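Naming: A, B, ... by sequence-line order, numbering from 1 per chain. The structure displayed is predicted, hence computed values, not measured ones.
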Protein chains: 2
Amino acid sequence: MAQSNPPFMSGVPELLLLRLLQQQEMYGYDLVRAIRRVTGEAISLGEGVIYPILHSLERNGSLKSKRKPVGGRTRVYYSLTRKGRDRLDQLQNDWRRIQGGITTALETPSNA
Amino acid sequence: MAQSNPPFMSGVPELLLLRLLQQQEMYGYDLVRAIRRVTGEAISLGEGVIYPILHSLERNGSLKSKRKPVGGRTRVYYSLTRKGRDRLDQLQNDWRRIQGGITTALETPSNA
DNA sequence: GCTATATACCTTGAACTACGAGGTATATTA
DNA sequence: TAATATACCTCGTAGTTCAAGGTATATAGC
């Protein structure tokens, strides 16, 4: 049936999201700016990336949400569940492995 | 018109390829195994990834190739051109930036 | 001699992610 | 009153990676 594993480097947007939400509850629009900020402008993910991930993480029980009316508008604040914390750990390990592998490859001296 | 930039983390397979070819000329089948090896098994890219990249890099002048018959079979050895070295530098910088951004995000203490 | 595995090249269709443009609505600033 | 910022969202598509195939020769095991 040709089912495919996720691409080896995916999961980074999800990782960043979960990491930020581990530190404090946040809402989508804010996460967009926070990701730019905490990565030193290196990574910029639009709302078209953020919102779908938030929704799917909530659907699978990694996040819980809470609506807060703030000055006429409504914000949807997300925070981690137990499952979300586990998922964060897993993604963090995955990332370290990938990152380490690439670093090794790049650091190997030309005359090896 | 909706023309899209490449995903922010793409270019890693290309980076690994160019990095290996900077060290020595290699052929496709060998690169597949080399990438697994130099990344400590963290990254495994199949031939379906490697060959198309080699072809497109050759087409755009980043690689040059040379066919060598070896014991009945033919190997296509690739090596970097000037343009390929420039491309490697650029991808290496891109990667360092991304990698640094993510590291910063992950290292920020929970009570920040 | 036969079969399976390894080498070596390649392409293709589907799966998946990320991008960008859009749409709604309220609040604030000019 | 008009433009910008906040805040939510979806959708089409572009670009990448994946897995599975196909061809062909060489080698190793039985």
> Any chance you could list the contact pattern along nucleotides 4-11 of chain D? Use B for base contacts, S for sugar-phosphate-only contacts and - for none, protein heavy atoms under 4.0 Å, 5' to 3'.
--BBBBB-
> Could you measure the distance from the NE2 atom of A/H55 to the CD1 atom of A/I50? Nearest 0.5 Å is fine.
11.0 Å
> On DNA chain C, check which nucleotide each of A/G71 and A/P13 is closest to and give me the residue with the more 5' one.
A/P13
> Could you tell me whether the side chain of A/Y51 and the main chain of A/Y29 form a donor-acceptor pair under 3.5 Å?
yes
> Over how many whole Å does the gap from A/M9 atom CE to D/dT17 atom P extend?
8 Å
> Just the rounded figure in Å: distance from C1' of C/dA18 to CD1 of A/I43.
13 Å
> For a side-chain hydrogen bond (donor to acceptor under 3.5 Å, both in side chains) with A/D86, tell me which candidate from A/Q90, A/R82, A/K83 qualifies.
A/R82
> Taking only side-chain N and O atoms of B/N5, does any of them lie within less than 4.0 angstrom of OP1 or OP2 on D/dG15?
no
> Using the salt bridge (Lys or Arg N to Asp or Glu O under 4.0 Å) rule, collect all pairs that involve residues 59-69 of chain A, keeping only residues at least two apart or in two chains.
A/E25-A/K66, A/E25-A/K68
> I'd like to know if B/D89 and B/R85 make a salt bridge, using a cut-off of under 4.0 Å between side-chain N and carboxylate O.
no
> When the distance from CD of B/E58 to C1' of C/dC9 is rounded to whole Å, what number comes out?
14 Å
> Should A/L17 and A/Y78 count as side-chain neighbours, where that means a heavy-atom distance under 4.5 Å?
no
> Which value, rounded to the nearest 0.5 Å, describes the distance between A/I35 atom CD1 and A/S44 atom OG?
9.0 Å
> More 5' along DNA chain C: A/I53 or A/G72, using each one's nearest nucleotide?
A/I53
> Take atom CD1 of A/I50 and atom P of C/dG20, then tell me their distance rounded to the nearest Å.
13 Å
> Check DNA chain C against residues 83-102 of chain B and give the residues with a non-hydrogen atom under 4.0 Å, in numerical order.
none
> What integer distance in Å separates A/L31:CG from C/dA18:P?
15 Å
> Test your reading of the model: is there a side-chain donor-acceptor pair from B/S65 to the backbone of B/Y77, 3.5 Å cut-off?
no
> Is it the case that the side chains of A/Q22 and A/R19 hold a donor-acceptor pair, with the cut-off being a distance below 3.5 Å and no angle test?
yes
> Rounded to the nearest Å, what distance is computed from the CZ atom of residue A/R36 to the C1' atom of nucleotide C/dC19?
14 Å
